[in-house]
Amino acid sequence: MRKLFFFVFVILLASILGAAPIDIPTMNFALNAPDTPQQLVSSLNVLVVFTLLFLAPSMILVMTTFTRFVIVFGFLRQALGTQQVPPTQLLVMLAMILTFFVMEPVGQRAYDNGIKPYIEEKIGYEEAFAKSVLPFKNFMIRNTREKDLALFFRIRKMENPATIAEVPLSIIIPSFVVSELKTAFEIGFLIFLPFLVIDMVVASILMSMGMMMLPPVMISLPFKILVFVLIDGWSLIIGNLIATIK
């Protein structure tokens, strides 16, 4: 299973970084009953490979800053009150582009240290897997809170590791995701505050003028968009988001 996961990881990372094409083994899709246990095992391996290929993009995304970006952009749209503007597809694509921008140095180190020597047959897959995953582990550890990491160690009833290399991916990935969720919600709260103030001011003015039947959101929306444009909101939010990444 680990070798299959590494094979899928090599294909994805090498294709993203524009590396030389990798020879992918051919597969026979004939639907025949297996004659031997070895044929059954081979068929199950093909099924596992397809499952990993289907799940690998999502697995890679949770090991990056994509979670933080997409949640913050969702909070921003809710704070502005623009409903479906920008559309969800555009926000997801922007989050993926920024994720690639942030994670490119990490992916390049993983490729140079592990995947490239493995393709050149200089090291085995076990060593290549460890060297390829290490840059991602270092990145996730830097952006993971200690108490979140300790939480999953307590759940597993495992002793505290001495080095980062001893921390398994099954502990780092959920800890990193929880930390990213908390960070994204904290940033989203800070984004909501100024727009909430604008909503409250507009609602108070409308009530003082006796216009209680007029929705405050209808009046505050142009002001929120105007303020966001004047402060160059997109550059400000994206710049500070990237600055929070260690």
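Residue numbers count from 1 along this sequence.
- Side-chain contact check for Thr244 and Arg68: at least one donor-acceptor pair (N or O, by modelled atom type) lies under 3.5 Å.
- With Ser179 as reference, Asp148 is the one residue of Thr67, Asn143, Asp148 to meet the side-chain hydrogen bond (donor to acceptor under 3.5 Å, both in side chains) rule.
- Between Val70 and Met96 there is no side-chain heavy-atom pair separated by less than 4.5 Å.
- You'll find the side chain of Phe75 stays beyond 4.5 Å of the side chain of Phe189, heavy atoms only.
- Here Asn240 contributes atom CG and Ile187 contributes atom CD1; the two are 8.5 Å apart, rounded to the nearest 0.5 Å.
- Judged by distance alone, the side chain of Arg77 and the main-chain N or O of Pro86 form a donor-acceptor pair under 3.5 Å.
- Two residues are said to be in side-chain contact when any heavy atoms from C-beta on lie closer than 4.5 Å; Ile97 and Met93 meet this criterion.
- Side-chain contact between Ile238 and Phe69 is absent, with no heavy-atom pair separated by less than 4.5 Å.
- Taking CG of Leu98 as the start and CD1 of Ile242 as the end, the distance is 5.5 Å to the nearest 0.5 Å.
- In this structure, Glu180 CD and Arg145 CZ are separated by 8.5 Å, a value rounded to the nearest 0.5 Å.
- The shortest side-chain heavy-atom distance between Leu90 and Phe73 does not fall under the 4.5 Å cut-off.
- Side-chain atoms of Ile237 and Phe228, non-hydrogen and from C-beta on, do get closer than 4.5 Å to each other.
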